[in-house]
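Contents: one structure, followed by commentary.
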Amino acid sequence: MSLEKLSKSKKLVVGLFFDAMGYVSYIFPPFDFVWAPLSAYLMSKMYAGRKGKIAAAFSFVEEALPFVDIIPSFSIMWFYTFYLSTDEKSVELIEEEKKE
């Protein structure tokens with residue numbers, strides 16, 4: 001299954017799960033060494049193109065820095081993609097969701 005081709009609601013659920021994974025480092029700090037690059041990779045796979053690469057870089061930095069894990073980067077990117085962006089793909093996905 002491709003993360004990029006998930007429906008709008010499934011991307012939200014997956015993004016919320018990934019944001020929750022970022023909070024694990026408050027309990028087990030070494031988790032950031034694994035999660036920071038993995039979150040950047042997952043962000044780039046969920047959101048393609050230039051916006052996805054920028055979000056991936058932000059996600060990496062946000063997860064790598066201590067005490068900044070509170071920022072829900074996946075949720076912010078989901079909100080940006082489906083409500084603030086005027087990208088054609090986003091508009092098409094929103095219209096498909098309304099039809100279903």
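This is a predicted model, so every value here is computed, not measured. Just so you know, these numbers use all the heavy atoms, side chains as well, and skip hydrogens, waters and symmetry mates.
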| message | Is there a side-chain contact (heavy atoms from CB on, under 4.5 Å) between Y23 and I70? Walk through the geometry before answering. | response | CA-CA 7 Å; Y23 298 135; I70 195 81; 4.1 Å; yes

| request: Identify, with sequence neighbours excluded, every residue that meets ring pair (Phe, Tyr, Trp, His ring centres under 6.0 Å) alongside F33. | output: none

With sequence neighbours left out, what residues match [X] under side-chain contact (heavy atoms from CB on, under 4.5 Å)?
| X | value |
| --- | --- |
| F17 | M21 |
| L42 | L3, F18, W35, L38, F74 |
| P66 | none |
| V24 | F31 |

| request: Identify, with sequence neighbours excluded, every residue that meets side chain to side chain donor-acceptor pair (under 3.5 Å) alongside S25. | output: D32, D69

| Path from F58 to M46 over hydrophobic side-chain contacts below 4.5 Å | no

| Between E62 and S73, does any side-chain donor sit less than 3.5 Å from a side-chain acceptor? | yes

| Which heavy atom in A40 sits nearest to a heavy atom in S59, and how many Å separate them? | N-OG, 4.1 Å

| task | Answer whether the closest heavy-atom distance between the side chains of F60 and M43 falls below 4.5 Å. | result | no

| side-chain contact (heavy atoms from CB on, under 4.5 Å) between K11 and Y47, intermediate numbers included | CA-CA 10 Å; K11 274 191 180 185; Y47 303 100; 4.0 Å; yes

